[in-house]
Amino acid sequence: NAGVTQTPKFRILKIGQSMTLQCAQDMNHNYMYWYRQDPGMGLKLIYYSVGAGITDKGEVPNGYNVSRSTTEDFPLRLELAAPSQTSVYFCASTQTSTGNTIYFGEGSWLTVV
Amino acid sequence: AQSVSQHNHHVILSEAASLELGCNYSYGGTVNLFWYVQYPGQHLQLLLKYFSGDPLVKGIKGFEAEFIKSKFSFNLRKPSVQWSDTAEYFCAVNEGTGGKLIFGQGTTLQVKP
């Protein structure tokens with residue numbers, strides 16, 4: 001039972017570099033989410049998707065991009081990394097919005113130096 | 001815009017004390033409500049959820065929460081906390097039809113043995 005899989009788990013980036021955080025789920029979930037978690041700030045929604053081909057901005061989308069070409073995959077791209085993007089990133093998925101359990105990935109620790 | 005507010009940022013209790021963590025949200029339509037817990041070094045786990053029916057919801061590990069629509073609140077309670085309840089607790093709100101899932105900033109609970 002893979003659930004929600006995120007890669008990489010840890011990454012150090014230099015300012016201005018680009019990278020993609022991968023997220024895949026094998027539960028055929030429609031809804032997928034990307035959050036960042038900073039100390040004392042809780043989880044902030046970056047982008048979300050309600051199905052393949054559909055994405056929408058969350059609370060803090062600036063500096064990020066996403067795509068949802070398949071139901072399974074929801075990659076998060078950082079185009080020009082900045083120190084403010086140092087954070088822990090969580091991908092999550094759920095079947096519908098009406099009370100189903102949400103499954104989280106293990107997290108990706110990103111440091112921008 | 002939809003938002004979630006957790007009033008207590010850091011709570012310290014002795015074992016066997018009663019717990020109540022506040023959560024208020026700002027969205028006038030149908031909502032689904034969640035409480036998640038994050039133990040040190042672990043990812044988020046679902047404690048309980050509300051999406052319809054009885055406004056008093058019982059979850060795992062003796063936790064319960066009450067949805068009071070008129071107050072836009074979904075407070076988490078436990079009659080007697082244990083040292084093992086030391087963790088960070090997050091309230092989350094999902095619009096009934098939209099899919100956007102927003103988290104509060106979290107409450108750190110420290111239970112002293």
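Quantities reported herein were computed from a predicted structural model and do not represent experimental measurements. Numbers restart at 1 for each chain; the letters A, B, ... are given by sequence-line order, proteins then strands.
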* Could you look at B/Gln45 and say if it's the side chain, the backbone, both or neither that has a heavy atom under 4.5 Å from chain A? => neither
* Do A/Tyr33 and A/Leu78 belong together in a cluster built from hydrophobic side chains that touch within less than 4.5 Å? -> no
* **A/Phe74-A/Val4 co-clustered via ILVMFWY side chain contacts under 4.5 Å** => no
* To do: Could you tell me which portion of A/Leu45 (side chain, backbone, both or neither) has an atom closer than 4.5 angstrom to a non-hydrogen atom of chain B?
  =>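 Only the side chain of A/Leu45 comes within 4.5 Å of chain B.
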* Which region of A/Tyr103, side chain (C-beta onward) or backbone (N, CA, C, O), has a non-hydrogen atom less than 4.5 Å from a non-hydrogen atom of chain B, or is it both or neither? ->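 Interface part for A/Tyr103: neither.
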* Identify whether the distance between the nearest side-chain nitrogen and carboxylate oxygen of B/Lys61 and B/Asp85 falls below 4.0 Å. => no
* With the threshold set at 4.0 Å, does a side-chain nitrogen-carboxylate oxygen contact exist between B/Glu15 and B/Lys112? ->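 The answer is no: the pair does not qualify as a salt bridge.
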* Asked: Given the options B/Leu44, B/Leu101, B/Leu33, which has more heavy-atom pairs under 4.5 Å with chain A than any of the others?
  ->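 Of B/Leu44, B/Leu101, B/Leu33, B/Leu101 has the most heavy-atom pairs under 4.5 Å with chain A.
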